[in-house]
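Numbered from 1 within each chain, the chains take letters A, B, ... in sequence-line order.
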Amino acid sequence: MSAHYNPEIVELDAQQHWEDARSFEVGEDADKDKFYCLTMFPYPSGKLHMGHVRVFTINDVIARYHRLQGKHVLQPMGWDAFGMPAENAAIQRGIAPAKWTYSNIEDMRGQLKRLGYGYDWTREITTCKPEYYRWEQWLFTRMFEKGLVYRKNSIVNWDPVDQTVLANEQVIDGRGWRSDALVERREIPQWFMKITDYADELLDGLDDLPCWPDSVKAMQRNWIGRSEGVELSFDVVGEEESLTVYTTRPDTLMGVTYMAVAAEHPLAAKAAKTNADVAAFVRECQQTDAQEATLETMEKKGMPLGISAIHPLSGEEVPLWVANFILMSYGTGAVMAVPGHDARDWEFAKQHGLPIKQVIAPADGSTIDIDDAAYLEKGVLVNSGDYDGLDFDAAFNAIADFFEATGRGSRKVNYRLRDWGVSRQRYWGTPIPIIYCDDCGAVAVPEDQLPVILPEDVEITGVGSPLRDMPEFYAVPCPKCGKDARRETDTFDTFVESSWYFARYACPDNDAVMLDDRAAYWAPVDQYTGGIEHAILHLLYARFFQRVMRDEGLTDVSEPFTNLLTQGMVLKDGAKMSKAKGNTVDPQGLIEKYGADTVRLFIMFAAPPEQSLEWSDDGVQGSYRFLKRFWRAVIEHVARGPAGDVDASALNDAQKDLRRKTHQTIAKIGDDIGRRRSFNTAIAAAMELLNAIIRFDDDSDAGRSVKRESLEAVVVMLSPMVPHICHALWRELGHESALIDQRWPEVDKNALQQDLVEMVVQVNGKLRARISVAVDAAQNAIEAQALADENVQRFIDKKEVRKVIVVPGRLVNIVV
RNA sequence: GCCGGGGUGGCGGAACUGGUAGACGCGCCGGACUCAAAAUCCGGUUUUCGAAAGGAAGUGGGGGUUCGAUUCCCCCUCCCGGCACCA
């Protein structure tokens, strides 16, 4: 083998070996300990970017590490192939979305292979193919039969010029990205999945996920937003129907001084008919996009409707307002306002001169001024008639009981989580398997007529969906009565495909059922790796779908992902890489220049996986330099002739030191990768060991055998990160069998033993000396040695020693 | 606005359970090799005072708990992710 490191030769050779040996194709073997190791599959945008390289490398390292631990590892790959970019490419370049997508997949598959990832390509999934999406159409029809899906009106971003529904991303500062027209909120009928039926289970299930990051669990908990409160109704003067509101603070009920409804609320619409100002205000509210962040950050505005509600306890009239920050989609679209004890209500009241009433006082008897700020804590009721003096719990129950007894309200558990709207008015997605019949209503497409195939040969104009202009697609007979009917032309949200693909990798070729026995073998995913940006939506939808599949009898598993790793972004010059900023780094060029191993090594070394990673071309150089040193170290060692096994009983001190370092490093790297997932420190430890090996200049038989043991350990331990060079060096070290089939080295505990240990001596917490003590030294002996130190004495300076703290093996702190 | 995360040398980062701040790498400085350069190798590198020994300061800012805080608590600030139609 060449004395010179040539990454291209080394890498293509290793990849050829893995392909010939089918190293990564796995079947189901009940006797083996399975490990299902998965990344969030990519959208086939055309070219791999550094974010992809990062997440796939992290996962490949974990997969290869577990394989070295003797696990039966499955690492599949596929394509999240439906979505907007394909339509945009079609508009801009006139290529049909399907053609563009399939060509991108070809390119990206080639790039993935060049990076040496250990995928079982026989299980590849492409979501835009009918053999994949037919099963989510089928599951949807099952959900339809069970009442788990329904149709209702909901708000979309409407571009009045392009006559098109816009994605939030296509709304820039409230205007359509292509037309520049002010976006309007518009209500259209859409399909929803009842994820709220599973709200409690999705919430409680988080407790069964000890290996998920706490931050992700916290975000999901807050997103589900379970709260316990009371739903109660206020009569409205001159209206038959009362106004229902939900509150988690019924104890503040006597502090209600006004009420507010959303612009889309029926009462606002009714007032608008007779009040031009209200009509104008409601119109103004609708001249904005539908994003929550927009609603929450815009200036809080409101207008009195000229209608009053009757306070259910006091009988007083309170004014009814319409406000731009009330969400029709959350709760009942109406709120009772308690400006004394709610920050937003307080601000709104101040702004519009509405009264502020204190009805809660601090429990400790202190006084507050409700005119300065709302008092948000729970306390004791005041100015609340019969309820005065009660604390939160007592007041909650007394008021809830009162309303339940009078039939005007009830205790209610409420969720922030809303049902999942899955309809998209787009072409490039899975057709929703529904047919509308004038007589039979919405009818699910029968199983024997699935899949509903999306026509791929279409022209995309950017105005509406082409499916709406294709009678050959939408004109169908009603499956129930046979009358002329119309097929649904909306498609699914692409989150539907990504909510179950992980299960389908087990049996991608089964055309009879959605999931089979092989899915039972592989589920759940043992390790799931993906971007933190998916912490809520994708991961929550996938957890929901897993339960829907379970309740359909397709699996016994409730939680799809056992361990979750959320990796950070790749930055350049402190900003996310983007074409617009011109700060992208193309992985392809770097692979050609340095090879895949250098890129993989740098990306794993530059930052811990959860943190954002700052790209550095100089850092890549450094990784390349390290691999060259690594190569040379092994080649030079081998060139000096054979080395036998280590005889641990016949080593000198320097040989013992290198052996100790070797076995300490084996323990550290195993812990860093296996438990801590701290790949950057694992690589640092390997670098340190290699530095020690190179410095170790001992050509005796014993010296060479110790060195060989160390080098072999480094080769095996670095192989998850840089598999190609390690494959070659393992051969170089004289092994017949391939590295991919080896096991992780074992720690020799005897090699770890040492006689002396360095301890730090502090005086009043400040470092003053280092002492070398016997490992088994008694505490008072250590104290005596520390006190005897010259510099320590200087700082004690004849002051009285009040206390000595000894932390065995670490430090002595002398307090004077 | 709300929820979650982050801020440590010139730079990326390390310090895992409250116990040596700056491992490892980059960059830079000096040296070796070379006609020269690249590559490679050796040494140095938080700031500051000092010839040195050895001090002082220091982990976004302010306060607190502790013998001891990058680590725990409170307040503030800046940056990043998510907010339901980007994926």
Work out how far the [atom1] atom of [N] is from that of [M], and round it to whole angstrom.
{"N": "rU46(B)", "M": "rG81(B)", "atom1": "C1'", "result": "31 Å"}
{"N": "rU70(B)", "M": "rU59(B)", "atom1": "P", "result": "7 Å"}
{"N": "rC78(B)", "M": "rG27(B)", "atom1": "C1'", "result": "26 Å"}
{"N": "rG4(B)", "M": "rC73(B)", "atom1": "P", "result": "14 Å"}
{"N": "rA39(B)", "M": "rA87(B)", "atom1": "P", "result": "45 Å"}
{"N": "rC16(B)", "M": "rU71(B)", "atom1": "P", "result": "12 Å"}
{"N": "rC2(B)", "M": "rG12(B)", "atom1": "C1'", "result": "32 Å"}
{"N": "rG58(B)", "M": "rA69(B)", "atom1": "P", "result": "11 Å"}

Complementary nucleotide of [N], counting Watson-Crick and G-U pairs under 3.5 Å:
{"N": "rG27(B)", "value": "rU45(B)"}
{"N": "rU40(B)", "value": "rA32(B)"}
{"N": "rG81(B)", "value": "rC3(B)"}

Within the 4.0 Å heavy-atom criterion, would you say [X] contacts the bases, only the backbone, or no part of the nucleic acid?
{"X": "Ser623(A)", "value": "nothing"}
{"X": "Arg802(A)", "value": "nothing"}
{"X": "Arg629(A)", "value": "sugar-phosphate"}
{"X": "Thr297(A)", "value": "base"}
{"X": "Glu292(A)", "value": "base"}
{"X": "Trp615(A)", "value": "nothing"}

Ser465(A) (side chain) donor-acceptor with Gln425(A) (main chain) under 3.5 angstrom: no
Side-chain donor/acceptor of Glu87(A) to backbone N/O of Trp428(A), under 3.5 Å: yes
Listed nucleotide nearest any side-chain atom of [X], set [options]:
{"X": "Phe605(A)", "options": "rG12(B), rG19(B), rA84(B)", "result": "rG12(B)"}
{"X": "Glu533(A)", "options": "rC67(B), rG82(B), rC24(B)", "result": "rG82(B)"}
{"X": "Met219(A)", "options": "rA57(B), rG4(B), rC86(B)", "result": "rG4(B)"}
{"X": "Ala293(A)", "options": "rU20(B), rA84(B), rG1(B)", "result": "rG1(B)"}
{"X": "Ser215(A)", "options": "rG13(B), rA84(B), rG5(B)", "result": "rG5(B)"}
{"X": "Gln611(A)", "options": "rC86(B), rG13(B), rA56(B)", "result": "rG13(B)"}

Atom pair distance, as rounded to whole Å: CD in Glu497(A) and C1' in rC86(B): 14 Å
Atom-pair distance (CG on Asp618(A); P on rG27(B)), nearest Å: 5 Å
Pairs satisfying salt bridge (Lys or Arg N to Asp or Glu O under 4.0 Å), at least one member in residues 668-681 of chain A, at least two apart: Lys668(A)-Asp672(A), Asp671(A)-Arg675(A), Asp672(A)-Arg676(A)
Residues which pass side chain to side chain donor-acceptor pair (under 3.5 Å) with Thr297(A), listed by chain and number, not counting sequence neighbours: none
Below 4.0 Å: OP1/OP2 of rA39(B) and any side-chain N or O of Lys628(A): no
Phosphate-side-chain proximity, Arg625(A) and rC26(B), N/O vs OP1/OP2 below 4.0 Å: yes
Ion pair Asp493(A)/Arg424(A), N-O distance below 4.0 Å: yes
Worked verdict on Thr126(A) versus Tyr132(A) for side-chain contact (heavy atoms from CB on, under 4.5 Å): CA-CA 7 Å; Thr126(A) 306; Tyr132(A) 179 79; over 6 Å; no
